[in-house]
Amino acid sequence: MEKLIHQILSKSFPSSESAVYEIASLKAQLELPKGVTHVISDVHGEARKLRHVINNASGRLRPVVADLFNGDTNSKPFNEFLHLLYYPTELLQMKAEELGENQDARFHWVLESLTKQFAIIRSEIRTKRRKDIKHYTPKLFRELFETLLNYPAGGHHSAFLEVTVKELVKRNMDYQALRAASRFIRNITVEELIVAGDLGDRGARIDWVIDYLIKQPNVSIVWGNHDVSWMGACLGQEALIAIVLRVSLRYRRMFQLEEGYGIITKPLEQLANTIYQDDPATYFKPKRGGERDELTIARMQKAIAIIQFKLEGQIVDRHPEWDMDSRNILKHINFQDHTITLDSHTYPLRDTHFPTIDPSDPNRLTPEEQQCLDRLVTSFVSSSRLWEHMKWVVERGSMAEVRDKAVIFHACLALSPSGDYLPINIDGIEHSGPDQFAAFNKVIKRAFRKGSSADQNDKDWFYYLWAGPRSPLFGKDKMATFESYFIDNKAARKESRNPWFDRIHNPAFCEKVCQDMQVEEGGLIVNGHVPVKVENGEDPIKRGGNAVTIDGAFSEAYGDKGFTLILSHTGDYLAQHHGFKDPVSVVRTGEDIIPTMRKIRSYNSPRLVKHTEQGKAIQQQIKALEGLVTAYQDGLLNED
């Protein structure tokens, strides 16, 4: 095996000199400050706000620009330059109107802006390897950018830069260069973006969210329960198709399905208009207004909700080992007196119109429902754009990530009341605690290798991750969807949280979890999933100080706020974001939406690359390269 590794390496490093130079560069990299990682969670379809948070590097760019302007943060040029970095397209449209045909004024403004941009770039690349800088440099402007990187120290005559920029202005390529420089800055300011779950639902467009993330240079996804619902729907898991449709109808987000992914919803509309044509669907009214008839949307939502409850019951019947019979919900209805008995309590139903339910076999779909579902499944599994998006989410994703001292996963690890990990049997093996992450990673990756022909049991695991009582992506005893529609009693709708959400206030417990995830000491647990209600006095930082919840109600439906966690070499910071207007309005009014920054912890000495997982990987590369050098020196391999 060692010989094979050396043979493979020799193709990239064909001489001992080239291998030694790479060893030296890697050893130097180990001594550099670790890169900045931004962690955001629960985007929930808010692509516009996600773009804002990414483009301003969670507020990290603002103090850098303030230094460039000598602290003059109230001036128009300061805000204009910030907007050039945040929203180059919108700012440049405004400048085009302002400068008109005055090419001389345009030249001076472009040259000045490029000079400022590269002042920032020069300060940011001090800890980057040359090959990494080249990777971020667009080919079209590579020579110009190399000149600007070294100007004036590189010895270029000023005329070289000025004539180049004038020609770009003449050819209307100057704004393109400015946009590329802004993107360059954003790409080198943040080394990695981690989204800790829930890309879609509630907000407008999950497809726009994924489109924007795909464009970023280094993104990792930590899956949330809303992500696995879309992933399972993509594979053709019927209950999850119903869930994705129901949630999209509930929040009037059908454009993401119809326009975004080309999924047909007509079969469901036809079912609603025939079977539920006289149903007022009072408790299924959508959460927001829109163009389509509200009553039609409500009836469609009820139709797919009933299908969902039937399909969920079928899953529960298939998996008695999950112990979810209480969620075989339709079997608990007394259709004669219009009540339902749940957990030994009987409640009256506020909606008793069930035209498709056979009381003797409540989970059986009617022929009309089956025909509708078949057409919906075909539409989901044949959407090439949905497949490409979900495949990207799977390839870039995992159940959990560790970055230096931060352990990042979406929701929880299921605990007993005494605080012990609760097991789940996956592939015939009992897995507890963090071991579940690797086991579920295997199931999800395996399912996507097979696509829609994946094993039914593997597809059903996506449903369990969505709403299973021990799911590390859910963390409650039930998903009370039926109760929220059909029962007035608030106690029936209560979803009891797993003891995890109390235990993470305990610093010793959090330290143990981090150690179980291979962080030796001083770890920080990072979760999303549960919105932090700041307005009610809730604190995202738990009382023990070594756990933080960064679901800050990012979506409009939950408050239009949100958090970003910034993991840097000097410490960890929490950026709290606020309500956001559209980019055009922000640019034209000259606003700067400033997040509130809060320090979580700082390090006595800077964290270097050698302290991180990246450092361990680099150490392994160095060891392999040193073996290659020895092989060259011993004559085991020939050098070119």
Side-chain angles (χ1 to χ4, degrees), residues 51-52 54-57 61-62 64-65 67-69 75-126 128 130-190 211-212 214-217 583-584 586-588 590 592:
R51 179 190 169 203
H52 167 72
I54 290 176
N55 286 6
N56 74 10
L61 279 175
R62 193 178 194 279
V64 177
V65 177
D67 288 342
L68 189 66
F69 280 80
S75 65
K76 179 184 176 182
F78 172 79
N79 280 325
E80 186 176 88
F81 186 70
L82 274 181
H83 292 145
L84 176 61
L85 303 183
Y86 296 177
Y87 315 114
T89 299
E90 290 79 5
L91 186 280
L92 292 171
Q93 286 174 349
M94 189 181 76
K95 291 303 291 187
E97 296 171 9
E98 178 184 321
L99 297 173
E101 299 299 320
N102 189 338
Q103 290 210 346
D104 186 59
R106 180 164 164 168
F107 159 73
H108 286 291
W109 181 78
V110 170
L111 181 60
E112 181 182 6
S113 298
L114 281 169
T115 302
K116 286 187 171 69
Q117 286 175 315
F118 275 84
I120 293 175
I121 290 170
R122 281 193 292 272
S123 70
E124 292 291 325
I125 65 172
R126 290 177 297 171
K128 306 289 183 184
R130 183 176 180 84
K131 69 175 185 179
D132 295 330
I133 299 167
K134 188 175 181 180
H135 171 72
Y136 291 128
T137 307
K139 291 181 180 179
L140 180 61
F141 299 108
R142 184 159 291 167
E143 186 171 356
L144 171 64
F145 280 21
E146 287 179 357
T147 300
L148 284 160
L149 275 172
N150 299 291
Y151 186 81
H156 291 97
H157 193 282
S158 60
F160 187 87
L161 178 60
E162 291 172 5
V163 170
T164 301
V165 173
K166 282 182 179 178
E167 188 64 20
L168 291 176
V169 171
K170 179 181 177 181
R171 305 293 180 182
N172 285 319
M173 294 176 62
D174 51 333
Y175 287 175
Q176 191 176 349
L178 288 169
R179 280 194 294 269
S182 292
R183 191 178 307 114
F184 193 167
I185 290 170
R186 297 196 302 269
N187 289 346
I188 63 173
T189 302
V190 176
D211 278 339
Y212 200 69
I214 288 173
K215 295 176 184 176
Q216 307 312 309
V584 174
V586 171
V587 167
R588 292 197 177 277
D592 177 19

Review point. Within the distance-only criterion (no hydrogens, no angle test), does the side chain of R186 pair as donor or acceptor with the backbone N or O of L85 below 3.5 angstrom?
Key: yes
Review point. Would a distance-only check, ignoring hydrogens and angles, find a side-chain to backbone donor-acceptor pair under 3.5 Å from Q176 to N172?
Key: no
Point to revise | Side-chain (R122) to main-chain (L148) donor-acceptor, under 3.5 angstrom | key: yes
Check your understanding: Of all heavy-atom pairs between L91 and L84, which one has the smallest distance, and what is that distance?
Key -> CG-N, 3.9 Å
Review point. So, W109 and E80: side-chain donor and acceptor under 3.5 Å apart, yes or no?
Key: yes
Point to revise | Atom pair OH (Y175) and CZ (R106), whose distance is rounded to the nearest 0.5 Å | key: 4.0 Å
Practice item. Decide if atom CD of E167 counts as having more than 12 heavy atoms of other residues, nucleotides or ligands within a radius under 6.0 Å. Key: yes
**Study point:** Stepwise side chain to side chain contact (heavy atoms under 4.5 Å, CB included) test for L161 and L111
**Key:** CA-CA 9 Å; L161 178 60; L111 181 60; 4.0 Å; yes
Check your understanding: Nearest heavy-atom pair of F107 and V165: which atoms, and what distance?
Key -> CD1-CG1, 3.7 Å
**Study point:** Test side chain to side chain contact (heavy atoms under 4.5 Å, CB included) applied to Q93 and Y87, step by step
**Key:** CA-CA 10 Å; Q93 286 174 349; Y87 315 114; over 6 Å; no
Check your understanding: Which atoms form the tightest heavy-atom contact between I185 and T189, and what is the distance?
Key -> O-OG1, 2.5 Å
Practice item. With sequence neighbours excluded, tell me which residues meet side-chain hydrogen bond (donor to acceptor under 3.5 Å, both in side chains) with S182. Key: Q117
Review point. Sequence neighbours excluded, which residues qualify as ring-ring contact (aromatic ring centres under 6.0 Å, His included) partners of F118?
Key: F145
Check your understanding: Would a 4.5 Å heavy-atom cut-off, applied to side chains only, mark E124 and V64 as touching?
Key -> yes
Review point. How would you list, by chain and number, every residue that makes a side-chain hydrogen bond (donor to acceptor under 3.5 Å, both in side chains) with E112, sequence neighbours excluded?
Key: K116
Exercise for review: Supply the atom-to-atom distance K166 NZ to E162 CD, rounded to the nearest 0.5 angstrom.
Suggested key: 6.5 Å
Check your understanding: Under the side chain to side chain contact (heavy atoms under 4.5 Å, CB included) criterion, do T164 and T147 qualify, and how do the steps go?
Key -> CA-CA 10 Å; T164 301; T147 300; over 6 Å; no
Exercise for review: Rounded to the nearest 0.5 Å, what's the gap from CD on E98 to NZ on K95? Could you check?
Suggested key: 3.5 Å
Review point. Say you draw a straight line from CG of L92 to CZ of R179; how long is it, rounded to the nearest 0.5 Å?
Key: 6.0 Å
Exercise for review: Could you grab the distance from atom CG of L149 to atom CG of L144, nearest 0.5 Å is fine?
Suggested key: 9.5 Å
Revision key, fill the gap. What one should report as the nearest heavy-atom pair of A180 and F141 is CB-CD1, 4.1 Å
Practice item. Take M173 and L140 through the side chain to side chain contact (heavy atoms under 4.5 Å, CB included) test and state the conclusion after the steps. Key: CA-CA 10 Å; M173 294 176 62; L140 180 61; 4.2 Å; yes
